[in-house]
Amino acid sequence: MLLRGYEADDLEAMYALDVVCFERPFRFTRGAMRRFAEAKKARVTIAEENHALAGFVILHLEEAEGSRIGYVITLDVAPEQRRRGIARLLISEAERQACEAGCAALVLHVFTGNEAAIRFYVSIGFMRSHREEEFYGVGIDAWVFHKRLAPAMA
Ligand SMILES: CC(C)(COP(=O)(O)OP(=O)(O)OC[C@H]1O[C@@H](n2cnc3c(N)ncnc32)[C@H](O)[C@@H]1OP(=O)(O)O)[C@@H](O)C(=O)NCCC(=O)NCCS
């Protein structure tokens, strides 16, 4: 399993994997995926196996109420590659990048009905903060999860 940064050529495979991973209204359009992945504040980690995309995470470095946080835009692992620890590796790398950038925490939204993702985030030490009603649309709520990060050594 190779972890590496994003290249523009990755976009089509990322978009295709997102379509497999998420139904509407959770999936991104191609344009939205490009904007999220190519934003200046984005840190994208690609997991590759035998030159094929196995998973990816898009992290944004955000300023929130005077402190920096790492916001997980999306985390996608190919169905045939799941339960091999790939998401754990991707989030570890996002944590490392967020720490390096001086972030105090990782934060994310997850659909309240996404049991697999909720179990995953709990298993790696995320805490549930609160529910955001209709975050994804009418009647579709999200949980906000966060994980505090140890400050990077100066
Ligand atoms: C959620 C997701 C990213 C997990 O990816 P993964 O690579 O399979 O996760 P890992 O193998 O790193 O799992 C680590 C641990 O998380 C927990 N976990 C992961 N998937 C789980 C599931 N389906 N059910 C229960 N626990 C699960 C387990 O504790 C697992 O450890 P174990 O396999 O030793 O029991 C993947 O299922 C996925 O891409 N889903 C669709 C997209 C999505 O929902 N993304 C997150 C939205 S915010």
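On a predicted model such as this, the values are computed, not experimentally measured, just so you know. Numbering of ligands and ligand atoms starts at 1, following listing order.
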Among all protein non-hydrogen atoms, which one is nearest to [atom], and what is the separation to 0.1 Å?
| atom | answer |
| --- | --- |
| atom 13 (O) of ligand 1 | F120 CD1, 3.7 Å |
| atom 29 (O) of ligand 1 | S123 CB, 3.5 Å |
| atom 11 (O) of ligand 1 | G85 N, 2.8 Å |
| atom 37 (O) of ligand 1 | R82 CD, 3.4 Å |
| atom 48 (S) of ligand 1 | Y121 OH, 3.5 Å |
| atom 1 (C) of ligand 1 | A117 CA, 3.7 Å |
| atom 22 (C) of ligand 1 | R83 NH1, 3.2 Å |
| atom 46 (C) of ligand 1 | L75 O, 3.5 Å |

For this session: Determine the interplanar angle of the F36 and F28 rings, folded into 0 to 90°, and report it as parallel if under 30°, tilted if 30 to 60°, perpendicular if over 60°.
Result: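 F36 vs F28 ring planes: tilted.
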
Against heavy atoms of [X], which atoms of ligand 1 measure under 4.0 Å?
| X | answer |
| --- | --- |
| N114 | 43 (C), 44 (O), 47 (C) |
| R119 | 24 (N), 25 (C), 26 (N) |
| F22 | 42 (C), 43 (C), 44 (O), 45 (N), 47 (C) |
| R88 | 12 (O), 14 (C), 15 (C), 30 (C), 31 (O), 34 (O) |
| D76 | 39 (O) |
| R84 | 11 (O) |

Under 4.0 Å, heavy atoms only, figure out whether ligand 1 is touched by the backbone of [X], its side chain, both or neither.
| X | value |
| --- | --- |
| V77 | both |
| T74 | neither |
| F111 | neither |
| F56 | neither |

Exercise. Salt-bridged, R43 to E100, with N to O below 4.0 Å?
Worked result: no

Problem set entry | Short N or O distance, A87 and ligand 1, threshold 3.5 Å exclusive | yes

Exercise. What do you reckon, does F26 put a non-hydrogen atom under 4.0 Å from ligand 1?
Worked result: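 Judged by the 4.0 Å heavy-atom criterion, F26 does not count as contacting ligand 1.
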
